[in-house]
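Read through the structure below, which is laid out as structure tokens, and then see the notes.
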Amino acid sequence: MAWDEAAVDERAQAFLAEHDPEEMGRLDFLRARFDAGLAWVHFPEGLGGLGAARGLQAVVERRFRGTPDNNPGLIAIGLGMAAPTILAFGTDEQRRRFLRPLWTGEEVWCQLFSEPGAGSDLATLATRAVGEGDEWVVDGQKVWTSGAHHARWAILVARTDPDVPKHRGLSYFVCDMEAPGVEVRPLRQITGEAEFNEVFLTGVRLPDSLRLGEVGDGWRVAQTTLMNERVAIGGTPTRRTMIGLLGETWRERPELRTHALHQRLLSLWVDAEVMRLTATRLREQLAAGHPGPEGSGMKLAFARLNQELTGLEVELLREDGLAYDDWTFRRSDGVDFLGRGSGYRYLRAKGNSIEGGTSEILRNIIAERVLGLPSEPRVDKDVAWKDLPR
């Protein structure tokens, strides 16, 4: 069937007529929505979608406004990174097993990529996965793992062949976070809470059925995850924005205004509008295929704009901007930019230029893959990973 806006809207209306969210339990409602193909409409039928254009998702979201949601803030890594990677590289069995409970929020996902010695240069990672029969034994350490303390599953990149150059010896796995040998420890941040974690993997045994993609092809699989991650961070629209919040403060507190702050606000408002329109164009490009390096530009712009906006807010509020709502150490459920105070926003925004790819690495990607500039010299390109200096 060829799906257009009217057909998708009719499908959503018919579903709501048959499934009253006030009479059904939240989880039953979400499961039924997934089975009806109204989870993510661009996914194939039977996997939460209709095989429709990606842009038609907005039609569904408008119709389902006010109904139970799947707590997208908590399961953002599953929705934005794990799901598209499983769809692209997973077997039919893996797709059927993981996608439904991922979307309904029954199973939370995290991302085991970065390591203490492999952050910006992810391909130098040292976590090893050694094959033993139809299993892999994983040993290593991961860091900056958002939500690992909630996670049931993780997407994991590990080194399966140290005798080839760093990009070619990696494989990609789904890691069982409840398996023996997985240890999650909190990392306290500048905000006072532990949104991130470090994860230690000691003799973790994973069946080969949890591998995504071919052995040694992990870097290509990981690129799908990373491109989707940058789009999820930089290009996902929200109904309430940081520039909107700052504008509200400007209107409500006229006594705080100065000419210099006004000029900065206007400049950042223009930047925010440019980014919004660019994000719209990027989403239209996504409707025709997979995310490309353009998502890196969006993520880079998002990090800069968010840091400048939160800095302006603190200056505008003067002594009130320096106040902090809660320094209590706790395991965070996620990032709350619009629900917390200006002090939290200012501090948390510092991480925007690091998480999801540092701004320095993103500039390299834009230069080489978007602008076509010569790549930086790489002396380790053809050197076996085991021979690299560490």
Side-chain angles (χ1 to χ4, degrees), residues 1-111 147 150-153 155 174 212 224-225 228-229 231-233 235-239 283-284 286-291 334:
M1 177 178 179
W3 293 95
D4 59 14
E5 183 172 340
V8 170
D9 191 52
E10 183 179 349
R11 178 70 169 258
Q13 289 186 66
F15 176 87
L16 289 172
E18 298 176 4
H19 301 81
D20 186 344
E22 295 185 2
E23 295 181 359
M24 301 178 66
R26 173 181 173 275
L27 193 53
D28 288 337
F29 180 82
L30 292 173
R31 287 171 177 168
R33 179 178 166 181
F34 182 94
D35 294 340
L38 297 170
W40 32 47
V41 297
H42 60 288
F43 272 45
E45 293 186 23
L47 297 176
L50 301 172
R54 183 189 295 258
L56 294 176
Q57 186 66 36
V59 178
V60 175
E61 298 307 325
R62 284 196 299 269
R63 186 60 65 180
F64 277 79
R65 190 170 296 158
T67 64
D69 66 24
N70 53 6
N71 195 357
L74 180 62
I75 64 172
I77 291 175
L79 295 175
M81 292 168 244
T85 307
I86 293 169
L87 181 65
F89 292 96
T91 64
D92 290 341
E93 181 180 354
Q94 288 169 335
R95 293 170 182 169
R96 288 192 299 269
R97 166 61 186 87
F98 292 121
L99 290 178
R100 188 176 189 248
L102 181 158
W103 187 84
T104 61
E106 294 172 74
E107 295 178 343
V108 179
W109 287 67
C110 65
Q111 179 186 19
H150 296 301
R152 174 63 182 84
W153 300 99
I155 44 179
V174 172
L212 287 180
T224 295
T225 304
N228 279 285
E229 177 182 26
V231 170
I233 293 175
T236 302
T238 56
R239 299 190 68 195
R283 290 193 297 277
E284 292 174 351
L286 289 177
H290 296 291

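Being a predicted model, the structure only gives us computed values, none of them experimental.
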Legend entry - Residues forming a ring-ring contact (aromatic ring centres under 6.0 Å, His included) with Phe64, sequence neighbours excluded: Phe15
Nearest-0.5 Å distance, [atom1] of residue [X] to [atom2] of residue [Y]:
X	Y	atom1	atom2	value
Thr67	Glu22	OG1	CD	11.0 Å
Ile75	Arg152	CD1	CZ	16.0 Å
Arg62	Gln57	CZ	CD	11.0 Å

Legend entry - Qualifying residue for ring pair (Phe, Tyr, Trp, His ring centres under 6.0 Å) with Phe98, from Trp153, Phe89, Trp103: Trp153
Inset, instruction - Give the minimum heavy-atom separation between Ala82 and Trp109, together with the two atoms involved. - result: CB-CE3, 3.7 Å
Inset, instruction - Kindly give the heavy-atom pair with the smallest separation between Ala83 and Trp40, and that separation in Å. - result: CB-CH2, 3.6 Å
Inset, instruction - Go through the structure and list residues passing side chain to side chain contact (heavy atoms under 4.5 Å, CB included) with Ala52, not counting sequence neighbours. - result: Trp3, Val41, Leu50, Leu56
Inset, instruction - Can you establish whether the number of heavy atoms outside Glu10 located under 6.0 Å from its atom CD is more than 12? - result: no
Legend entry - salt bridge (charged side-chain N to carboxylate O under 4.0 Å, His left out) involving Asp92 - partner list, sequence neighbours excluded: Arg95
Legend entry - Partner residues of Arg63 under the side-chain hydrogen bond (donor to acceptor under 3.5 Å, both in side chains) criterion, sequence neighbours left out: Asp9
Inset, instruction - Just do the side-chain contact (heavy atoms from CB on, under 4.5 Å) check on Met81 and Ile155 with the steps written out, would you? - result: CA-CA 9 Å; Met81 292 168 244; Ile155 44 179; 4.2 Å; yes
Legend entry - Residue pairs passing the side-chain hydrogen bond (donor to acceptor under 3.5 Å, both in side chains) test where at least one lies in residues 70-89, sequence neighbours excluded: Thr85-Thr225
Name the atoms and distances for all side-chain donor-acceptor pairs under 3.5 Å in residues 26-37, with sequence neighbours left out.
from: Arg26; atom 1: NE; to: Asp69; atom 2: O; distance (Å): 3.1
from: Arg26; atom 1: NH2; to: Asp69; atom 2: O; distance (Å): 2.9
from: Arg31; atom 1: NE; to: Glu106; atom 2: OE2; distance (Å): 3.2
from: Arg31; atom 1: NH2; to: Glu106; atom 2: OE1; distance (Å): 2.7
from: Arg33; atom 1: NE; to: Leu38; atom 2: O; distance (Å): 2.7
from: Arg33; atom 1: NH2; to: Leu38; atom 2: O; distance (Å): 3.2
from: Arg33; atom 1: NH2; to: Glu61; atom 2: OE2; distance (Å): 3.1
from: Asp35; atom 1: OD1; to: Arg100; atom 2: NE; distance (Å): 3.0
from: Asp35; atom 1: OD2; to: Arg100; atom 2: NH2; distance (Å): 2.9

Inset, instruction - Give the C-alpha distance, both sets of side-chain angles, the deciding distance and a yes or no for side-chain contact (heavy atoms from CB on, under 4.5 Å) between Gln94 and Arg97. - result: CA-CA 5 Å; Gln94 288 169 335; Arg97 166 61 186 87; 5.7 Å; no
